[in-house]
Chemist: 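The structure is given below, and queries will be raised subsequently.
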Amino acid sequence: MFPYVNAGDDTQGYETKPGRSLYLFVVPMAAALVILAAVGALSSPSAASLAIIAALAAMAVGATRLLRPFCANPTFAVTVAWYSASALAGLTLLLGARDGLAFFAYMALLFVGWVEITSLTREPQGNESRVGTWLLEQKMLLATFAALLLAWAPFWLSYFPGIMSPDSLSAWSQALTFHLNDYSPAVYTLYIWLTGMPLGTPASASLLQLLLSAALIAALFAYLDRHGARRWLLAAGLALYIGLPIFGTFTVTLWHDVLYSLLVLWVTHTMYLTYVTKGQWLAVRGHSWALGAALLLIPLFAHNGLSVVFGVLAGALLVLRGQRKRVLAIAAGWLASFLLVQMLVYPMLGIRPYSKAFASEALIHQISNAIAQHGTSGLTASEKAYLQKIMPFKDWVQKYNPYTPQFLVSKRFNPSYNESPIDHHYSEFLKVWADIGMRYPGSYLNERITENALVLRPTGDYKIALSGLRISSNSLGLKTRSAAQTLLDTLRRIANFTTANMIWLWRPFWVLWLLLALTSAGAFLRGRVILFAAIPWIFQVLGLAISIQGQSVRYYYSLFLILPYLLAIVFMQRHREVSSPPLSLSGRAGRSRDAVADDGAGESL
């Protein structure tokens, strides 16, 4: 049913027989129209469904006529119009789908369309218009963005205005009154305030999140495609992005972890660029400013993001010997900016910092684990007196849960918890924690291993992965107002089935170990460049291993995002340099398209 495209080589171009392209478009479109009409009649016999499909078909034909003058050969326009119309028709039918097969068929259609459009390999011949030339040059960027947008749009329409957990609702409530705190990162609350308050709905915040995710991944794909990435590996990466339910679900979930993960992905790419250009990418002033800004935002979007910043700057200082002064300047600028935000900007905005007790929940959990395992007989009198000020010993034992400290430190589950002794006598708390740890180091280690079970075991009893796939109950008047209730039920059934029977899809265990395997293989195949690019995700995992305060896949979402990118660069062919990289921060063209180099100087996102 798909229109024939003669990919040919750069000299032969496309199939050029008169009328051939139009014929290959009309026949499959007519057959598709009959099939879609039949499906529409079976699922909904109303004339409206058939009218929508007919209108989409007519729009596709019209789009073909409009695009044809922009190309010397109409095959490209025909192909784009055909798959655009097919995707829109499929989306229309999907909104009323009652089973998961329609969902996966729709995703398969998007994937095939992406493969067909990006496989049009002919370079512009010089007689196309500027628009036509640009469309051909940017087909990977545009096709990837469109595929991701169309793949994730059903989630946004179904979960409208977005999925919101208690954390999300707290941020929305703060944005309404502009009484902010930094318990849940204040910078994400500011993002919600800037994007959601003007329209009075969190839908704009979740939509922008979706668009940013699609745009960044599309830009990375376009860069990798131009610089030697194997097309089939990019196709595999796209299949992961549109096939795994975690991506569609998280892009419309109002969690700070989503934007934080996008930043980590982008920094991973900058590490790769910096190495392959032998530090020259970083020498461009705009690039160093952009990296510094990203490093500033990372710990503001996630409190444990400091480990990523430390790893990136330390790795750059060790490896980029010729750029050490610039790296030191970035580090100094980052430190000054971070302190300025924390000590001046946040207080000026009235943002209340998180408490010492909140920052020490992992330590509280370790103490509780030691008491639950060994009792109180090994504690000194002063330690007992101090710990009882925080909560009675029966609660230190009974409220202990091996996977999360929330039952200890949340007033909802433990009304007797008192954080004042920690906030006002923090040095004493740290001393008690250290002394107990010296006595029972095995208990502390066991607590960390159990807390990190999400990345150490493929399955487990504790399955916190989602936030209920809805807006949690609240007094703010927010609730799910799905634009496609039938599809919403279908997506929830898919999520419930996978979390019950295929929980490993949602757990980062397989992603972490696959990343480790890829990094090891990449170090063998391509050398230190892969190790350098892996620094952000490695240090994120290390930071979480030390500080994680409960199991949730949201903390590891960046690993899912990075996996397709790392897969592409590990098995990339020789790094090619091209003349007009997409989204170049420097705004400067590279050398000729035929130039091939081990580096990619001047080329960037």
Side-chain angles (χ1 to χ4, degrees), residues 115 118-119 121 140 144 216-241 244 264-282 308 311-312 314-323 455 508-542 556 558-578 581-582 590-591 593-605:
V115 171
T118 58
S119 63
T121 57
M140 175 62 74
T144 304
L216 177 59
I217 294 170
L220 292 179
F221 269 45
Y223 177 89
L224 294 173
D225 182 61
R226 286 172 174 268
H227 290 79
R230 301 177 189 274
R231 185 67 59 80
W232 69 271
L233 287 176
L234 294 179
L238 182 76
L240 289 175
Y241 283 132
L244 289 180
V264 175
L265 173 61
W266 188 81
V267 170
T268 299
H269 180 60
T270 65
M271 298 293 281
Y272 174 75
L273 285 177
T274 300
Y275 195 95
V276 297
T277 60
K278 300 178 176 62
Q280 293 306 305
W281 183 89
L282 197 61
V308 176
V312 168
L317 282 173
L318 288 174
V319 175
L320 304 177
R321 297 178 181 177
Q323 296 290 339
V455 294
F509 168 86
W510 68 275
V511 180
L512 172 66
W513 293 102
L514 189 53
L515 284 174
L516 285 172
L518 282 173
T519 301
S520 301
F524 175 77
L525 294 173
R526 297 199 58 192
R528 289 186 297 175
V529 59
I530 302 301
L531 295 175
F532 196 66
I535 285 176
W537 76 259
I538 290 175
F539 274 83
Q540 183 192 349
V541 172
L542 292 175
Y556 299 95
S558 63
L559 303 189
F560 288 84
L561 285 174
I562 290 171
L563 176 61
Y565 177 83
L566 191 64
L567 183 67
I569 64 172
V570 165
F571 299 104
M572 181 182 280
Q573 302 173 58
R574 196 181 187 194
H575 194 89
R576 295 198 304 266
E577 189 174 0
V578 296
R591 286 167 285 186
R593 186 177 300 277
D594 297 327
V596 178
D598 289 330
D599 62 2
E603 306 302 323
S604 66
L605 263 182

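Computed from heavy atoms alone, side chains included, the values below leave out hydrogens, waters and symmetry copies.
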Chemist: Does any non-hydrogen side-chain atom of Val541 lie less than 4.5 Å from one of Leu559?
Modeler: yes
Chemist: Would you please name every residue forming a ring pair (Phe, Tyr, Trp, His ring centres under 6.0 Å) with Phe560, sequence neighbours left out?
Modeler: none
Chemist: Which value, rounded to the nearest 0.5 Å, describes the distance between Thr270 atom OG1 and Trp281 atom CH2?
Modeler: 5.0 Å
Chemist: For the CE atom of Met271 and the CZ atom of Phe532, what is their distance to the nearest 0.5 Å?
Modeler: 3.5 Å
Chemist: Table please: side-chain donor-acceptor pairs of residues 315-322 below 3.5 Å, with sequence neighbours left out.
Modeler:
none

Chemist: Rounded to the nearest 0.5 Å, how far apart are CG of Leu282 and CG of Leu273?
Modeler: 10.5 Å
Chemist: Once side chain to side chain contact (heavy atoms under 4.5 Å, CB included) is applied, do any residues pair with Leu563, and if so which ones, sequence neighbours excluded?
Modeler: Leu240, Trp510, Val511, Leu514, Leu515, Leu518
Chemist: Not counting sequence neighbours, which residues clear ring pair (Phe, Tyr, Trp, His ring centres under 6.0 Å) with Tyr565? List them please.
Modeler: His269
Chemist: Do you know which two heavy atoms are closest between Tyr272 and Met572, and how far apart they sit?
Modeler: OH-SD, 3.3 Å
Chemist: Check whether any side-chain heavy atom of Gln323 sits under 4.5 Å from a side-chain heavy atom of Gln280, and report yes or no.
Modeler: yes
Chemist: Specify whether His227 and Tyr223 have parallel, tilted or perpendicular ring planes, treating 30° as the upper limit for parallel and 60° as the lower limit for perpendicular.
Modeler: parallel
Chemist: Just jot down the side chain to side chain donor-acceptor pair (under 3.5 Å) partners of Tyr556, sequence neighbours excluded, or say none.
Modeler: Asn452
Chemist: Look at the side chain of Arg526 and the backbone N and O of Ile569, then say whether any donor-acceptor pair between them is shorter than 3.5 Å.
Modeler: yes
Chemist: Can you confirm whether Leu561 sits close enough to Ile217 that some side-chain heavy atom of one is under 4.5 Å from a side-chain heavy atom of the other?
Modeler: yes
Chemist: What residues, two or more places apart in sequence or in another chain, satisfy side chain to side chain donor-acceptor pair (under 3.5 Å) together with Thr268?
Modeler: none
Chemist: Knowing that exactly one of Ile530, Val529, Leu233 qualifies, which makes a side chain to side chain contact (heavy atoms under 4.5 Å, CB included) with Val570?
Modeler: Ile530
Chemist: Please walk me through it: do Trp266 and Leu216 pass side-chain contact (heavy atoms from CB on, under 4.5 Å)?
Modeler: CA-CA 8 Å; Trp266 188 81; Leu216 177 59; 3.7 Å; yes
Chemist: Return the minimal non-hydrogen interatomic distance between Pro564 and Gly237, and the atom names on each side.
Modeler: CB-CA, 3.6 Å
Chemist: If you look at every heavy atom in Val115 and Thr118, which pair is closest and at what distance?
Modeler: O-OG1, 3.4 Å
Chemist: How long is the gap from OG1 on Thr144 to CG on Leu220, to the nearest 0.5 Å?
Modeler: 10.0 Å
